[in-house]
**Q** 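Starting off with a structure, shown below.
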Amino acid sequence: MGTSFLWLAAALGLLDSGCHASTVLPRDAVPAGFVARPYYPAPHGGWTASWRESYAKAQALVEQMTLAEKTNITGGVGIYMGNTGSADRLGFPQLCLQDSALGVASTDNITAFPAGITTGATFDKDLIYARGVALGQEFRGKGANVYLGPAVGPMGRKPLGGRNWEGFGSDPVLQGISAALTIKGVQAQGVVATIKHLIGNEQEMFRMYNPFQPGYSANIDDRTLHELYLWPFADSVHAGVGSVMTAYNAVNGSASSQNSYLINGILKDELGFQGFVMSDWLSQISGVASALAGLDMAMPGDTMVPLFGFSYWKYDLSRSVLNGSVPLDRLNDMTTRIVAAWYQMGQDKNYPRPNFSSNTKNREDLLYPAAIASPRGQVNWFVNVQADHYKIARQVAQDAITLLKNDDNILPLSPSASFKVFGTDAAVNPDGPNACLNRACNKGTLGMGWGSGVADYPYFDDPISAIRKRAADVTYYQTDNFPSVPTPKDSDIALVFINSDAGENSFTVEGNNGDRNSAKLAAWHNGDELVKRAAAKYKNVIVVVHTVGPLLLEQWHDLPSVKAVLFAHLPGQEAGESLTNILFGETSPCGHLPYSITKKADDLPSSVADLKGFAFGQVQDTYSEGLYIDYRYLNKMGTKPRYAFGHGLSYTNFSFSEISISPVTRLTTSLPGPRAAKAPTPQFSTAIPPANEAKAPKGFNKIWRYLYSWLLDNEADEAYQIGTTGSKKYPYPEGYSNVQTAGPASGGDEGGNPALWETAFEVTLKVKNIGTRFSGKASVQGYVQYPESKYETPIVQLRDFVKTKELAPGEETTVRLGFKRRDLSVWDVEEQNWVAPGVKADGSMGRYTIWLGESSDRLRVACYTDTLECEGGLEPVV
Ligand code: BGC
């Protein structure tokens with residue numbers, strides 16, 4: 001705890017408030033080999049063609065801004081005060097940044113959509129996009145400028161990780177495609193989407209820097225970073241995402257909110273990100289250092305310990321520019337990035353103002369809640385933004401339902417059967433669906449996890465009500481302890497509902513600190529026992545699981561009466577009818593597992609299976625498993641899971657035929673071609689502005705604890721004096737420079753070198769419903785097996801997926817999967833570039849095997865990139 005005094009001192013303001021490089025505290029050592037090397041300067045935005053016009057408009061606006069206006073829009077006005085600062089004089093508004101990834105948080109008249117993990121389980125691009133459109137419409141309707149989603153960090157590396165359910169599943173391609181489609185859907189409505197959290201937020205406990213301890217360090221090697229954790233961020237930048245949120249934790253020892261390697265180097269230079277980078281809430285820990293490292297917006301604006309009215313930026317950023325410690329050039333870029341994102345989404349034209357408060361449900365209330373003594377006024381207008389989005393929500397919930405097992409084809413059910421329903425998870429929380437703040441309790445049907453990633457349910461369609469609508473003979477035992485029941489009939493159907501919850505570290509639920517540190521991979525409330533007891537009594541047991549992630553099913557899975565198991569994930573408000581449509585055979589299930597379900601927790605390596613516990617100093621979370629998480633690890637070890645990633649049954653069967661592969665853009669070099677040079681970016685005067693640009697207007701009545709960007713007159717004068725005379729020398733970070741660079745070879749546009757995004761091969765096939773009774777949608781998943789080379793790669797890796805439309809018995813459709821240069825490449829740490837190891841020295845194409853199937857362990861069809869042949873009936877490679 002050598003640094004704890006310093007943390008405490010910083011928090012109490014004994015040290016300067018952070019706007020001097022000299023207050024940057026020493027980092028804790030991380031294991032050898034994990035490097036967050038310095039990367040300076042922060043690359044200017046505005047060099048890609050797709051953002052050129054918005055940057056031109058932004059430049060014209062920023063040129064007119066005073067220093068205080070610029071520093072006002074680069075930070076929040078304080079926790080519970082809402083929003084960022086504005087440049088009102090010029091028509092640039094306060095921006096409303098709002099959670100969550102599954103719906104507009106803390107307000108009414110919205111749709112509580114299924115969570116990310118549920119959305120990923122659909123493996124359906126059209127639905128994922130449609131959900132994004134609906135989310136975007138609701139955020140816009142409420143006047144929120146920025147949607148704080150989607151979440152792809154965590155990736156789901158640790159099955160016990162608390163926030164995995166906010167993302168789409170434990171695979172970079174499932175995450176990346178889902179995030180990109182969500183972003184496109186949201187941003188097509190004019191709302192800025194935020195991809196979060198960059199990066200390595202794979203567990204909740206010990207994530208945050210606090211006065212006593214730094215947040216944990218996610219120690220990730222360069223190749224693993226690129227091929228797994230950064231991958232979905234690259235998709236998001238390629239999709240044109242407007243903002244990125246950094247993570248709470250450190251990466252390779254350097255706090256994510258001021259990690260110059262990550263923000264300046266990887267995100268802004270290599271991935272060519274053109275929008276703005278915001279801190280996660282209260283994760284900013286310095287002033288100058290975070291500015292130089294590329295942070296553009298401090299949220300919610302307070303220092304690490306909030307509510308004292310202190311900020312590392314705002315007034316102190318004004319001071320830092322005046323005294324010369326932060327170059328004006330950096331502030332201009334920060335400001336321009338924010339204004340450009342606003343123009344890029346068209347928010348300058350008729351964008352609604354926020355019409356709700358996330359602090360209160362009252363029509364009138366405090367305008368500045370953190371100030372306590374605050375003027376009052378109207379804060380809620382109760383605008384209904386739901387439209388008919390329940391339909392999309394229900395479709396996603398339904399198409400995510402993953403049928404793991406269906407012995408004797410017990411499903412679908414006949415409504416005339418006699419049903420005995422067990423488990424409190426079958427009915428809505430008796431106290432009301434929103435009874436617990438931030439859903440930080442597990443009571444009733446689990447529709448979402450807990451924390452900031454939730455929204456309020458407008459209503460809750462629970463499974464028991466939906467079952468009662470379909471069937472007449474239903475007895476519900478609303479308990480998790482197996483009750484005494486009348487002697488069962490052989491034909492009775494027992495439906496047992498169990499669940500597993502997780503969430504954000506800000507709340508502890510039943511001993512779980514966000515992560516499932518207490519419950520582990522067992523069902524909550526003794527759910528496994530409930531299944532066993534039901535299975536001992538009834539001949540036909542169907543288990544429905546609402547869960548944030550994998551569970552261990554071994555205690556009861558093979559009991560003879562456990563006939564069917566369904567994972568309904570986290571369905572949001574539409575938990576009932578979505579389920580009964582499947583149970584009663586309205587349609588076939590078509591969800592697929594967005595993670596593997598192992599037989600034992602330690603079938604995965606301990607770096608992944610275990611959570612990091614307390615340590616003195618910084619907790620070190622080292623990614624020693626490298627590329628090998630989830631199915632990548634299980635396949636490498638030859639360990640059969642209970643259910644593999646991508647698994648999901650239907651009531652019908654599908655065949656694949658007429659499979660063909662064709663090259664699209666031929667790869668003749670293993671490296672992508674040279675990148676184009678950056679186009680010129682906006683140029684501004686770099687002279688230190690006059691001190692009065694940072695002085696408050698005379699007689700201005702400040703609100704207590706509201707964060708302003710003005711200095712006292714004498715402070716501004718003093719800072720200006722220092723800055724213009726150069727009387728003070730600042731200790732800049734190692735490697736610091738303020739000269740813009742050309743950028744790395746792996747960059748070149750949004751998402752990196754454009755060649756990486758070119759489709760190299762396309763595979764087409766016909767998919768036919770060969771069943772006779774049920775219609776259904778088929779999932780086609782494409783996994784790539786790399787040729788032998790000096791790069792060890794996982795045996796197979798998902799690279800694309802398609803869901804068919806609903807196919808009637810006998811109906812057939814053609815589907816297409818694409819494989820890009822990036823999908824056939826590895827990140828070479830020496831080259832610092834993507835290398836396609838299958839391209840031979842003479843420019844000819846070697847053999848990648850593209851495996852197709854309905855799950856990662858049922859791959860019987862393969863196409864070859866060298867012979868351009870495809871064949872079926874093969875033994876799966878894993
Ligand atoms: C979470 C973010 C969230 C933010 C704002 C943080 O605690 O990590 O995901 O967007 O709060 O509520």
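Whatever order the structure lists ligands and atoms in, that order sets their numbers, starting from 1.
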**Q** Can we say D515 and K612 salt-bridge, meaning some charged N sits less than 4.0 Å from an Asp/Glu carboxylate O?
**A**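 Salt bridge absent between D515 and K612.
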**Q** Suppose we screen for ring-ring contact (aromatic ring centres under 6.0 Å, His included). Which residues come up paired with Y368, at least two apart in sequence or across chains?
**A**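 Expected list: Y706.
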**Q** Identify the closest protein heavy atom to atom 9 (O) of ligand 1: which residue and atom is it, and at what distance?
**A**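 Checking every protein heavy atom, the shortest distance to atom 9 (O) of ligand 1 gives H197 NE2, 2.7 Å.
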**Q** Test Y147 against F139 for ring-ring contact (aromatic ring centres under 6.0 Å, His included), laying out the working first.
**A** CA-CA 7 Å; Y147 160 68; F139 275 77; 4.9 Å; yes
**Q** Centre-to-centre under 6.0 Å for Y623 and Y229, is that the case here?
**A**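 That pair passes the under 6.0 Å test.
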**Q** Could you tell me, atom by atom, which parts of ligand 1 come under 4.0 Å of a heavy atom of W281?
**A**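 Listed by number with element: 4 (C), 5 (C), 11 (O).
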**Q** For atom 7 (O) of ligand 1, what's the nearest protein heavy-atom neighbour? Residue, atom name and distance, please.
**A**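 Checked against all protein heavy atoms, atom 7 (O) of ligand 1 sits closest to E504 OE2, 2.6 Å.
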**Q** Contact between M299 and ligand 1, counting heavy atoms under 4.0 Å?
**A**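 No, M299 has no heavy atoms under 4.0 Å from ligand 1.
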**Q** Is the count of non-hydrogen atoms from other residues, nucleotides or ligands lying under 6.0 Å from Y80 atom OH greater than 12?
**A**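 No, OH of Y80 has 12 or fewer neighbouring heavy atoms, counting only those of other groups under 6.0 Å.
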**Q** Taking 4.0 angstrom as the limit and counting only heavy atoms of D99, give me the atoms of ligand 1 inside it, by number and element.
**A**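 Counting atoms of ligand 1 from 1, those under 4.0 Å from D99 are 3 (C), 4 (C), 5 (C), 10 (O), 12 (O).
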**Q** Which word best sums up how the rings of Y595 and H569 line up, parallel for under 30°, tilted for 30 to 60°, or perpendicular for over 60°?
**A**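 If you compare the ring of Y595 with that of H569, the planes turn out perpendicular.
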**Q** Against heavy atoms of M245, which atoms of ligand 1 measure under 4.0 Å?
**A**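 Within the 4.0 Å cut-off of M245, ligand 1 contributes 2 (C), 10 (O).
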**Q** Output the list of atoms in ligand 1 that are nearer than 4.0 Å to some heavy atom of K196, sorted by atom number.
**A**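 Near K196, the atoms of ligand 1 are 2 (C), 3 (C), 9 (O), 10 (O).
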**Q** What I want to find out is whether D501 reaches R516 closely enough, with some N-O distance under 4.0 Å, to be called a salt bridge.
**A**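 No, D501 and R516 are not salt-bridged.
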**Q** Among protein heavy atoms, which sits nearest to atom 11 (O) of ligand 1, and what does the distance come to when rounded to 0.1 Å?
**A**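 For this ligand atom, the closest protein heavy atom is D280 OD1, 3.5 Å.
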**Q** Going by distance only, is there an N or O of R163 that falls short of 3.5 Å from an N or O of ligand 1?
**A**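 Yes, since at least one N or O of R163 sits under 3.5 Å from an N or O of ligand 1.
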